[in-house]
Amino acid sequence: MVGATATAGLSLTCALLPCQGYRGGLAATRSLEWRKKKRQCMRKGSPLINAKFDLKPPPYPLNGLEPHMSRETLEYHWGMHHRSYVESLNRQIVGTELDGMTLEDIVILSYNKGDLLPAFNNAAQICNHDFFWESMKPGGGGKPSGDLLELIERDFGSFEGFIKEFKSAASTQFGSGWVWLAYKANRLDVGNAMNPCPSDEDKRLVVVKCPNAVNPLVWDYSPLLTIDVWEHAYYLDFQNQRVDYISVFMEELVSWEVVSSRLVTAKAQAAEREREEERSKRDEEEDNTADGKAVEMYLASDTDDSEAE
Ligand SMILES: [Fe+2]
């Protein structure tokens, strides 16, 4: 996704960033990550930073998806709508505490438990569109293989079952929004949002419908595939026939290789997080043990002094 170009900058106060309460156990461990993020942007003496996000081009020519998605659609959708989000965000965050953060951090932090901060929509729309363009390729479609196919079959019953659920979600998302296939590594709330599927099993694939600009990153899910169901995504090629657009996207455009590689990354990140949580738990236990010994030593020393008197 898009990265920030850091140059010199500002004193960062993070006054807009939420500071939430957390539960114990793994949730408490996860909350450490949020506190780290906050500390990082509150660090005194941080270099002066001005964010400048770029309009990232699709990984193919603007006519590369024809005849399924026209050059004209790409010219408007990428060249005008996507560009507008980038230009708006750059104007919006310059000189604020969000200036210099990564795009993903701006999305997560400005989600603010659904009470969106002003930068959220533009930042998320940049994220979503970058991800959308990269989800497609000329000559796409077909069927995934390997681990991705196995997980799809496990979690949706069959590949056909997944296609049916994804298409249904995309066709029934009311108004503008996005539909995602995501890897849900856990069922815990995160520092800035409540998990929408807390009762589902961990480490599974889910299809989620998101209104407007919402990205499953805000729930700590790992996005694998998305379809843009804003009307601007399909009106030039399909007019109001969203169902036809969804079918063409799934059958002719999806890059399953990209989706598979995202799954590999998502699982690796989840595994690394589990190891980190174990390390944090061990460190905490060792700290508690060390604290207990310190108290004992203090009491023993105190007793000795008393006897000496
Ligand atoms: Fe769009």
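Quick caveat: nothing in here was measured; it's all calculated off a predicted structure. Whatever order the structure lists them in is the order used to number ligands and atoms, beginning at 1. Scope of the values below: all heavy atoms of this structure, side chains included, with no hydrogens, waters or symmetry mates.
Crowding of K203 atom NZ: a count of heavy atoms from other residues, nucleotides or ligands under 6.0 Å not exceeding 12. No more than 12 heavy atoms of other residues, nucleotides or ligands sit less than 6.0 Å from atom OH of Y76.
Between the K113 side chain and the D115 main chain, no donor and acceptor come within less than 3.5 Å of each other.
Each protein N/O/S atom under 2.8 Å from the Fe ion (ligand 1) was counted, for a total of 4.
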Pairs of donor and acceptor atoms involving the side chains of residues 251-260, under 3.5 Å and at least two apart or interchain, shall be tabulated with distances.
residue	atom	partner	partner atom	Å
E251	OE2	K167	NZ	2.9
S255	OG	V258	N	3.4
W256	NE1	G142	O	3.4
E257	OE1	K137	NZ	3.1
E257	OE2	K137	NZ	3.2
S260	OG	W256	O	3.0

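Proximity of the aromatic rings of Y221 and W180 is defined here by a centroid distance below 6.0 angstrom, and this criterion is not met. Ring centroids of H77 and H129 are separated by less than 6.0 Å, placing the two rings close together.
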